[in-house]
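Since this is a predicted model, take the numbers as computed values, not measurements.
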Amino acid sequence: MKNLFSKTPIALGFAAALLASACTQTVVSDVPEETAETGSKTLQTPATVKPGAAVEFSHEITAAAAPGGTGTVKLTVIEGYDAGTLTLTTGGTDPLSVFGVDTTKTVDMASGGTHSWRVNYNAATDGIYYLNVQAAAAPDAGPEMSRVYAVRIEVGDISKAEKPQSPGDVMVTPDGETIIVMEAEETIE
């Protein structure tokens, strides 16, 4: 018995150390780290990158439209390329129409990273529509890549707009959850 209890503190100490090491947490942070040799700071960034063209969009609705009237959106496109061409194309969700000279625009990416573009639109009825923008970047070095962007356009009084039809019957379950019951046909072969 004496031999068994003399080894217990060692076993308990080993078990406590093992448990403590299993509970430690490794944290990767976005806090800049300072290098000892140069004193410069580096930022730890994630290793993943969203696929697509190196293009960012922003917009400003400079003139809102009443039903049947004309509206204007100013798009700002920022690209991150040294050379090549950037082709921009717009279109609207039905019945929003885009018109004018600038429904498609091609810019030289060597001329600078920020490009502004004015797009005119109209719609005959009240509603919420989307102006779709596609950017296709063709850099001198590398493959062509694209990115898309959508601008929400409100025309007229959106409370008067037609509500989309539900694809099935809307029901509330006994536990209060709203569900849509749709017809389905099952084929077993």
Considering all heavy atoms, the nearest [X]-[Y] contact:
{"X": "I158", "Y": "G127", "value": "CG2-O, 3.8 Å"}
{"X": "G71", "Y": "A65", "value": "N-CB, 3.6 Å"}
{"X": "G156", "Y": "D126", "value": "CA-OD1, 3.2 Å"}
{"X": "H115", "Y": "D108", "value": "CE1-O, 3.9 Å"}
{"X": "P139", "Y": "P143", "value": "CD-O, 3.6 Å"}
{"X": "K74", "Y": "S116", "value": "CE-OG, 3.9 Å"}

Who pairs with [X] by side-chain contact (heavy atoms from CB on, under 4.5 Å), at least two apart in sequence or on another chain?
{"X": "S58", "result": "T76"}
{"X": "V181", "result": "M171, I179"}
{"X": "D82", "result": "none"}

Just by modelled atom types, is the A53 backbone N or O under 3.5 Å from a matching donor or acceptor in the R147 side chain?
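Yes: the side chain of R147 pairs with the backbone of A53.
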
So, does K105 use its side chain to make a donor-acceptor pair with the main chain of T90 at under 3.5 Å?
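No: the side chain of K105 does not pair with the backbone of T90.
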
Separation of E56 CD from E79 CD (nearest 0.5 Å):
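The CD atom of E56 is 11.0 Å from CD of E79, to the nearest 0.5 Å.
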
Return the CG to CE distance between D169 and M182, rounded to the nearest 0.5 Å.
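D169 atom CG to M182 atom CE measures 10.5 Å (nearest 0.5 Å).
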
For E60, enumerate each residue passing the side chain to side chain donor-acceptor pair (under 3.5 Å) test, keeping only those at least two apart in sequence or located in another chain.
none

Between the side chains of N122 and S97, is a donor N or O closer than 3.5 angstrom to an acceptor N or O?
yes

In the hydrophobic clustering (ILVMFWY, side-chain contacts below 4.5 Å, transitive), which residues join Y149, or is it alone?
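Direct or chained contacts put Y149 with V55, F57, I61, V73, L75, V77, Y81, L86, L88, L96, V98, V107, M109, W117, V119, Y121, Y129, L131, V133, V151, I153, V155.
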
Linking directly or through intermediates, with side-chain heavy atoms under 4.5 Å: list the remaining ILVMFWY members grouped with F99, chain and number order.
none

Tell me, do T93 and N132 make a side-chain contact under 4.5 Å, heavy atoms counted?
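Of all side-chain heavy-atom pairs linking N132 with T93, at least one is under 4.5 Å.
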
